[in-house]
Amino acid sequence: MSVKGDKTMNTAVQDIKTKKQKDKEAFRDTLASVDKLGKRKWIYAQKPKGIFYKIRTYLSLLYFAVFFGLPFVYVNGRPLFMFNIPEAKFVFFGKLFLPQDFFIIGLTMIMFVLFIVLFTSAFGRLFCGWACPQTNFMEMMFRKIEYWIEGDAAQQKMLAKAPWNGEKIFKKGAKHVVFFALSFIISNFFLAYIIGIKDLEKIISEPLSQHIGGFTSLLIFSGIFYGVYAFFREQVCTAICPYGRLQSVLMDKNSMVVAYDYKRGEPRGVAKKNTENNLGDCIDCFACVKVCPTGIDIRNGVQMECVGCTACIDACDNIMDKIGKPRGLIRYASENSIATGEKLHYTTRMKLYTVLCLAVMALLSFLVITRKDVDATVFRTPGLLYQERGADSVSNLYNIKFANKTLKDIPLTIMLENGGGEIQLVGKQTIHIEKEGQGSGSFFVVLPKKMIQSRKTSIKLDLYEGNNKLNTITTSFLGPVE
Ligand code: SF4
Ligand code: SF4
């Protein structure tokens, strides 16, 4: 064959390979929950059965107990956790954090992001399947109620196709009433995490006219939860959740995912009786697809829509048991471990993320331990230098801003750490800071001239509540130099 002929042949082979690859990846062009016309395709996921589903059920009961129980836990008069975003007040383990603690709040967020990156690069979407509130409420609460009222996937499909007779109206009506009632209950607890259970009790027990804002929030949250669990469902994970969208950049071929062992499973198919075959272990029964809450076929490879719920592992293990093959055709594995047979391992990237996480955690612990109950910022009044006080003293005027993170009012006294001078409050005798309050004031520091050695003298101000020193602030004092 001529050189030209060889080239033509190579191009044709290459084209066939590219087409084959395109065909293999064609499933990525469509969404399982959207049809060709772009309309929503309802996913009727079969109820999973198996060891993973059992463990997830027990775990979800624990999560629900924690979610509904935590708002009632108070530590030293404060909720254990509270995220009052409208008032910029946050409580962690009974300690109040105000905007003055933005360093700690910012670092906590950085640590959270680092932890997510580390966790995801090592364990993929383990969080989504096992701990995410959306998955747990959807799969372990709302979907179970749906199975209970409407039956398993096949019965749900039949009910959807049936005319609106008495049975359908009753079942659909009952489901939506229960769904809305549950959404309303969840909203109450959700609001309790924002304003605290005691304020929530007031909204519930006092006249509605006094809590229009709170009640409106409850209705809005209920509407959102109901919309998500009754209609939007898996779309939250496949189209909205930002964590889900980040998977493709956070994971690599060493990340642990729910994966189909194509080396063992392919070529898939059912062997004919008494005939030789070279088929793999997958009998193409679609059990793994039928249980998938996002409607995907995990045998196509790792997909962004997979929330790692393990339902397909259980389904396939049951099939393997029935056909007498070892379990684990679908299992937790990395892409590399399936391709090369190597074990899951701790990669350099994971080690680096761990070191970063530990460093930020150490810094955060230091900041939390050394954090004061009373925060104060002192600064000299802008535009003023110093004032002569008779022949031998000089004063500077200061402004002070403070935040009381305790649950008691504090009468604050300001003193010079090394004595020798005097503090004169402007307009009042004492500074009184209300519990969980913030405020400001002004005061003069008067120093004898003999204490002033340079144009700027560093001074330390101690803040006292009675005899209890709460904080020490370092600032500068301006004076004349002779
Ligand atoms: S459940 Fe297992 S055997 Fe059945 S199609 Fe899925 S991978 Fe193949
Ligand atoms: S592919 Fe498997 S693990 Fe992923 S969402 Fe579907 S059933 Fe869950």
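Below, all heavy atoms of this structure are taken into account, side chains as well, without hydrogens, waters or symmetry copies. Just so you know, ligand 1 is whichever comes first in the structure, and atom 1 is the first atom listed for that ligand.
Residue-and-atom listing of protein N/O/S atoms under 2.8 Å from atom 4 (Fe) of ligand 1, sorted by chain and number: Cys285 SG.
Under 4.0 angstrom from ligand 1, the non-hydrogen atoms of Arg299 all belong to its side chain.
The closest side-chain heavy-atom distance from Cys306 to Arg125 is not below 4.5 Å. Lys144 places a side-chain heavy atom less than 4.5 Å from the side chain of Thr57.
For atom 4 (Fe) of ligand 2, the count of nearby protein N, O or S atoms, meaning those under 2.8 Å away, is 1.
Ligand 1 has at least one atom lying under 4.0 Å from a heavy atom of Met320.
Not less than 6.0 angstrom separates the ring centroid of Phe67 from the ring centroid of Phe190. Aromatic rings of Tyr226 and Phe180 (six-membered ring for Trp) have centroids within the 6.0 Å cut-off, being under it. Aromatic ring centres of Phe64 and Phe137: separated by under 6.0 Å.
When the options Lys405, Lys408, Arg78 are evaluated for a side-chain hydrogen bond (donor to acceptor under 3.5 Å, both in side chains) with Glu436, the one that passes is Arg78.
Between the side chains of Thr120 and Tyr243, at least one donor N or O sits under 3.5 Å from an acceptor N or O. In summary, the side chains of Asn404 and Thr406 do present a donor paired with an acceptor at a separation below 3.5 Å, with no hydrogens or angles considered.
The neighbour count for Phe170 CZ, taken as heavy atoms of other residues, nucleotides or ligands under 6.0 Å away, does not exceed 12.
Less than 4.0 angstrom separates some heavy atom of Ile330 from each of these atoms of ligand 1: 7 (S).
Closest non-hydrogen pair, Tyr260 versus Ile298, comes out as CB-O, 3.8 Å. Nearest heavy atom pair, residue Leu107 against residue Leu364, reads CB-CD1, 3.7 Å.
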